[in-house]
Amino acid sequence: MTTATPTVGVGAQATEPTTRGARVRKRLNSRTATIVSIVIAMLWTIPTFGLFISSIRPENEIKTTGWWTFFTNPQITLENYQEVLFSRGSSGQLASYFINSLAITIPSVLFPLAFASLAAYALAWMNFKGRDWVYIGIFALQIVPLQMALVPLLRFFSAGVTVAGVQIMPAWDLVDEQKFAQVWFAHTCFALPFAVFLLHNFISQLPGDLMEAARVDGATHPKIFRTIVLPLIMPALAAFGIFQFLWVWNDLLVALIFAGGGDETAPMTVRLAELAGTRGNEWQRLTAGAFVSIVVPLIVFLSLQRFFVRGLLAGSVKG
């Protein structure tokens, strides 16, 4: 009798969480939960749908009636897109700024991914003195506001680095398209702390037996990273890539400060801020320009969605 009591208690404690989890899964898979999810998705989609409808309506209709009146009096035109993409002057030429945004965003995503994945692997699976303090320092950098680093970083680009009257690094002195390098450097610096933290948590959870088996077979750290770690952390890389892409693509402050507002280097967000006109009443430009700006992030998210979902599933299921 004395030995049966703890056995029953352990069994009850072990089955209770399983029962609760089963109840939660059953409720989330119910018809009510499905209906609620559909309603929430529709509510999130309505503003985007209204933006698209407004972007293909004539200027007079946009300024006088709401987008929902389109269904009673449908009038479609592509002049808004023609104006913002290709027309010269203050009302358009968004296409060149679109190219600038791609030139800024793609390297600003690839550089943090490359550096952070290497650093995360080193901090997770390579033993060296001060490793824990390095990780703590990187983690602490996440709390530094971006705005606090703008002035020191701008001074670093314009004046270089001088220590005790000795110039360690000269000023960059970049012009025109060369200023893209400053934006890449800034976005990479701002993204690395969170990227290293995220990827380190993912890499450190990889099976230790797998790493030991690779070392026994004679694999070096570069080969382990290239052949074992990289394929396994693709979901984490995709998740961070989506976040970083959206952040850089929608950024205005960093690009405006380090790239300037000229036609050669300014991203699309700078041009969108000018499309409203001096009185802020050019709504037909804003709707078309805004919808053009969200097309690429949507494509990126939908193309990487399977990796993103796979990462969520990998983090929720063990064994």
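- Distance check: I138 CD1 to L192 CG gives 8.0 Å after rounding to the nearest 0.5 Å.
- In terms of the ring pair (Phe, Tyr, Trp, His ring centres under 6.0 Å) criterion, residue partners of F185 (sequence neighbours excluded) are, by chain and number, F156, F157, W172.
- In this structure, R155 places its CZ atom where only 12 or fewer heavy-atom neighbours from other residues, nucleotides or ligands lie under 6.0 Å away.
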Exercise for the section: Could you please spell out the steps behind the side chain to side chain contact (heavy atoms under 4.5 Å, CB included) verdict for V229 and M211? Expected result: CA-CA 9 Å; V229 175; M211 302 297 179; 3.6 Å; yes
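- Contact between P267 and N100 at its shortest, heavy atoms only, is CA-CB, 4.3 Å.
- Closest heavy-atom contact between N201 and Q205: O-CG, 3.1 Å.
- Among all heavy-atom pairs drawn from A259 and V183, the shortest one is CB-CG2, 3.5 Å.
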Practice task
Verify side chain to side chain contact (heavy atoms under 4.5 Å, CB included) between V134 and L123, making sure each step is shown before the conclusion.
Solution key: CA-CA 8 Å; V134 172; L123 293 172; 3.9 Å; yes
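- Within the 6.0 Å centre-distance limit, the rings of F98 and W249 are counted as a close aromatic pair.
- For the pair V254/D251, a side-chain contact is recorded, criterion being any heavy-atom separation below 4.5 Å from C-beta on.
- By the 4.5 Å heavy-atom criterion applied to side chains, V248 and I106 are not counted as neighbours.
- Atoms OG1 and CD1, on T48 and I53 in that order, are 12.0 Å from each other to the nearest 0.5 Å.
- Taking each heavy atom of S117 and I233 in turn, the nearest pair found is CB-CD1, 4.5 Å.
- A donor-acceptor pair under 3.5 Å is absent between the side-chain atoms of R215 and the main chain of L210, judged by distance alone.
- The minimum heavy-atom distance linking A119 with V196 is given by the pair CB-CG2, 4.1 Å.
- L237 has its side chain out of reach of F202: every pair of non-hydrogen atoms, C-beta onward, lies at least 4.5 Å apart.
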Exercise for the section: Kindly determine whether F49 and W67 satisfy side chain to side chain contact (heavy atoms under 4.5 Å, CB included), including the steps that lead there. Expected result: CA-CA 9 Å; F49 180 72; W67 64 267; 3.8 Å; yes
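- The structure places OG1 of T265 at 9.5 Å from CD of Q182, a figure rounded to the nearest 0.5 Å.
- Here the side chains of T105 and V296 are not in contact, with every heavy-atom distance at 4.5 Å or above.
- Residues R57 and T287 bring no donor and acceptor atom of their side chains to less than 3.5 Å of each other.
- Between R31 and I35 there is a side-chain heavy-atom pair separated by less than 4.5 Å.
- When the shell of 6.0 Å around CD of Q142 is examined, it contains more than 12 heavy atoms from other residues, nucleotides or ligands.
- Hydrophobic clustering of Ile, Leu, Val, Met, Phe, Trp and Tyr side chains at less than 4.5 Å, counting indirect connections, unites F291 with L102.
- Proximity of a side-chain donor or acceptor of W184 to a complementary backbone N or O of A103 within less than 3.5 Å is detected.
- Looking at heavy atoms from C-beta onward, F258 lies out of side-chain contact with I104 at the 4.5 angstrom threshold.
- For N73, the CG atom is densely surrounded, since the number of other residues' heavy atoms within 6.0 Å is greater than 12.
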Problem - Steps toward side chain to side chain contact (heavy atoms under 4.5 Å, CB included) verdict (T77, I56) - result: CA-CA 5 Å; T77 180; I56 60 175; 5.9 Å; no
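- Taking 4.5 Å as the limit, some side-chain heavy atom of Y121 sits within range of a side-chain heavy atom of I224.
- Although no hydrogens or angles enter the test, the distance criterion places no donor-acceptor pair under 3.5 Å between the side chain of S204 and the main chain of A124.
- Between S293 and P297, the shortest heavy-atom contact is O-CD, 3.2 Å.
- At a threshold of 4.5 Å between side-chain heavy atoms, the hydrophobic network of Ile, Leu, Val, Met, Phe, Trp and Tyr places L150 and L252 in two separate groups.
- Proximity of a side-chain donor or acceptor of T64 to a complementary backbone N or O of N60 within less than 3.5 Å is detected.
- In this structure, the separation between CD1 on I257 and CD on Q147 is 9.0 Å, given to the nearest 0.5 Å.
- Taken to the nearest 0.5 Å, the NZ atom of K223 stands 9.0 Å off from the CD1 atom of I228.
- A chain of hydrophobic side-chain contacts below 4.5 Å, direct or via other Ile, Leu, Val, Met, Phe, Trp or Tyr residues, connects L51 to I46.
- Between the OG1 atom in T188 and the CZ atom in F190 there is a gap of 10.0 Å [rounded to 0.5 Å].
- Proximity of I76 to F70: side-chain heavy atoms (C-beta onward) are separated by under 4.5 Å at one or more points.
- No donor-acceptor pair closer than 3.5 Å links the side chain of W44 to the backbone N or O of V39.
- Proximity of the aromatic rings of H200 and F139 is defined here by a centroid distance below 6.0 angstrom, and this criterion is not met.
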Name every donor-acceptor pair, under 3.5 Å, that has one atom in a side chain of residues 238-247 and the other anywhere in the protein, sequence neighbours excluded.
{"from": "Q244", "atom 1": "NE2", "to": "S108", "atom 2": "O", "distance (Å)": "3.1"}

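- F180 and L256 are members of different hydrophobic clusters when ILVMFWY side chains are connected at heavy-atom separations under 4.5 Å.
- M126 and V216 are members of different hydrophobic clusters when ILVMFWY side chains are connected at heavy-atom separations under 4.5 Å.
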